[in-house]
Number of protein chains: 2
Amino acid sequence: MAATIKDVAKYAGVSISTVSKYINGGRVREKNRQRIEEAIKALDFKVNELARGLKTNRTMTVGVLIPSLENIFFTSIISYMENILLKNRYSTIVCDYRNDVELEKVKFEFLMDKMVDGIIMVPHEEDIQYINKAFEKNIPVVLIDRMIKGIECDVVLTDNLNASYNAVEQLIMRGHRRIGIICGPKNVYTTQERLKGYIRVHEDYSLQIDDRLIKFGNYDVESGYNLLLMLLEEVPPPSAVFVTNYEMTVGAVMAVNEKNICIPHDLSLIGFDNIQLAKVVKPSLSIVTQPIQQIGETAATILLKRMKGDYDKFPSVYRLKTQLLLGESICNI
Amino acid sequence: MAATIKDVAKYAGVSISTVSKYINGGRVREKNRQRIEEAIKALDFKVNELARGLKTNRTMTVGVLIPSLENIFFTSIISYMENILLKNRYSTIVCDYRNDVELEKVKFEFLMDKMVDGIIMVPHEEDIQYINKAFEKNIPVVLIDRMIKGIECDVVLTDNLNASYNAVEQLIMRGHRRIGIICGPKNVYTTQERLKGYIRVHEDYSLQIDDRLIKFGNYDVESGYNLLLMLLEEVPPPSAVFVTNYEMTVGAVMAVNEKNICIPHDLSLIGFDNIQLAKVVKPSLSIVTQPIQQIGETAATILLKRMKGDYDKFPSVYRLKTQLLLGESICNI
DNA sequence: TACAAAATTCGAAACGTTTCATTTTTACTA
DNA sequence: TAGTAAAAATGAAACGTTTCGAATTTTGTA
């Protein structure tokens, strides 16, 4: 049905190998180039990637593994990654593991079985030795968003610690002394880093930390809602709260609204990630934004480099800077 | 490096074709079955899908095309689809077209070039004749969420019209007469259907429709926010509002909270799609929920059937029922 | 013009499967 | 027990590429 390289060769009156060479960017006599190009056009020839892959041992496919497809932060990143990969003739197989550590391993192995040429993943489990299986087979892996200690691997993440530091510092500089923080799950890397920033800035300013103002949730709307209410019940309540991801920020805002708390008069609030939300909330929300596009593009680019066999500066860590967008949701005391 | 069927054959002491037959579920003498199984285990043999695909002309890959990876409704569906497909040894290539009609076509053709065995897509453009190219090549396509008239194609969607009808009817039965509706973009199928339901129920109850209470947005948070504010400024304002997707519901709730409007006393509200959100909002939100899991699983199942060559009852339309979850956000007048 | 060197082209083998026609083995019947 | 039909196993060809050494053509130089 579809034209093959053989058809093109016949049509152009050259050998198969010459056509192959042309397709792969090799040098070909001018006269032949024209005839081959003409033949390709006339026959609407497309390389059969399967046959090619069989010979070259490459599938031109990248595996992507994230905790949940329902987390907009990750899916946005994927969107940007895909952009870059597509331009380089790679397609992506996206999997999520529903925050399930077992499934994480299963899906990783599924991707390996699919013979992807590279993998980009957001790891959850601390012990992901199976990554080394990929390296053994010469399949590069790039980690996103979270770092795993003891693993030699390229990583792209944001400077969570300083993101948190700067946000809380902003509150401190405005006179706040009792600052609540709504964190993610204790065992997740980003949680730990964001909490470290909170702690470090307190230390740097010689402020006492009240453990009751540190709450751990699940990075979902419900957590944000519940934990903000809990914070308000502490005595004395915090004068400011820092929420450390998008979904929890939505929840927190809902809680604030419900309780009829006046922002920023009664409570200063700094949220996370979603600019659109920040603009819509009144008064406009101050937020920490992560460079989503840059994360996606950087990860894709480094993976492409590794897949080309370029292991220069391996492993490299890209710690991208966040931005603190100041809105009207924080006030001076 | 990796073991091939040849290695397995040698190890088991049978011919390649016997192994192949076994792998593909053919009958094999008991004695050989054992030896082959043993060999496969010992050598950790995995079928090379590329080689197989080259022979069988199948890639065991399904293409998925959605408007945006940042819309949680679509990504959730994908998550469930993938589940079913994975169990059937299919993997998925997910693409979005960023709500761009041009890109929609480009990505569709990209998927075709990748030689996917089937495509599941949420169409935007009205004129998608290029779908027929897929059918010509015997590649089944299943549409999701939106129907395109004039196209013979399996479709899985929700009964948008009656979803809307029932939601608004609920308001009417409670005495509301001025009911606002926040719709999506005018040219999108779901918008049209949901609006039809709104109109039909008004007709059935012989109620006048005030066009000023019908607002069109972009299915994003900002639209929901802005349009709700606009509705409140109509004179007289509506006593109830129906918001027709998740993101706009978030925006609407933000607006309501900002304006310090008391729900349901000052305004009754029915939202869309996200149960988690509905529970968090106080008073609890009434919402229309779509059967996300069922949509995903149905689409995957019908596609699997078509890919097997079973064109029974083609084209079939699955119009799934929504559910109206009543919360405390609506009151009687 | 002739020759060597450089640049291209060519043919054939290989990648790991499936498939089909053929051969071998097994099971059954007379 | 021999003969036959059915079942299973086999070997070889094919899928559409890439790749490599050999063959051919072109280019440059004396």
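Every chain is numbered from 1, with letters handed out A, B, ... down the list of sequences. Computed from a predicted model, the values in this text were never measured in an experiment.
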Would you indicate, yes or no, if [N] has its OP1 or OP2 atom less than 4.0 angstrom from a side-chain nitrogen or oxygen of [X]?
X	N	answer
B:Asn24	C:dT18	yes
B:Asn32	D:dA9	yes
B:Ser15	D:dG11	no

If you find the nucleotide of DNA chain C closest to B:Arg29 and the one closest to B:Leu54, which residue's nucleotide is nearer the 5' end?
B:Leu54
Between C:dG16, C:dT19, D:dG16, which one does the side chain of B:Thr4 approach most closely?
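Ranking C:dG16, C:dT19, D:dG16 by closest atom to the B:Thr4 side chain puts C:dG16 first.
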Given C:dT17, D:dA9, D:dT17, the nucleotide with the shortest approach to the side chain of B:Val47:
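The answer is C:dT17, which lies nearest to the side chain.
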For the residue pair [X] and [Y], confirm or rule out a side-chain donor-acceptor distance under 3.5 Å.
X	Y	value
B:Tyr318	B:Gln294	no
B:Ser79	A:Arg98	yes
A:Asp117	A:Thr59	yes

Does B:Lys21 contact D:dA8 through a side-chain donor or acceptor facing the base, at a distance under 3.5 Å?
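Looking at the base of D:dA8, it does not pair with any donor or acceptor on the side chain of B:Lys21 (distance under 3.5 Å).
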If the threshold is 4.0 Å, N to carboxylate O, is there a salt bridge linking A:Asp113 and B:Lys46?
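The answer is yes: the pair qualifies as a salt bridge.
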Lys/Arg-Asp/Glu bridge criterion (N-O < 4.0 Å) met for A:Asp159, A:Arg319
no
Please report the distance, rounded to the nearest Å, between [atom1] in [X] and [atom2] in [N].
X	N	atom1	atom2	value
A:Ile23	D:dG16	CD1	C1'	10 Å
A:Lys46	D:dT17	NZ	P	12 Å
B:Ile36	D:dA8	CD1	P	13 Å
A:Ile16	D:dT18	CD1	C1'	11 Å
A:Tyr22	C:dC10	OH	P	16 Å
A:Lys6	D:dT18	NZ	C1'	14 Å
A:Arg35	C:dT9	CZ	P	11 Å
B:Arg52	C:dT17	CZ	P	9 Å

Pick base, sugar-phosphate or nothing for B:Thr18, based on heavy-atom distances below 4.0 Å to the nucleic acid.
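Counting heavy atoms under 4.0 Å across all strands, the contact made by B:Thr18 includes a base.
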Sugar-phosphate only, base, or nothing, as touched by A:Lys31 at under 4.0 Å among non-hydrogen atoms:
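Result for A:Lys31 = nothing.
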Both B:Ser17 and A:Ile5 contact DNA chain D. Taking the nearest nucleotide for each, which residue is further toward the 5' end?
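The residue mapped nearer the 5' terminus is B:Ser17.
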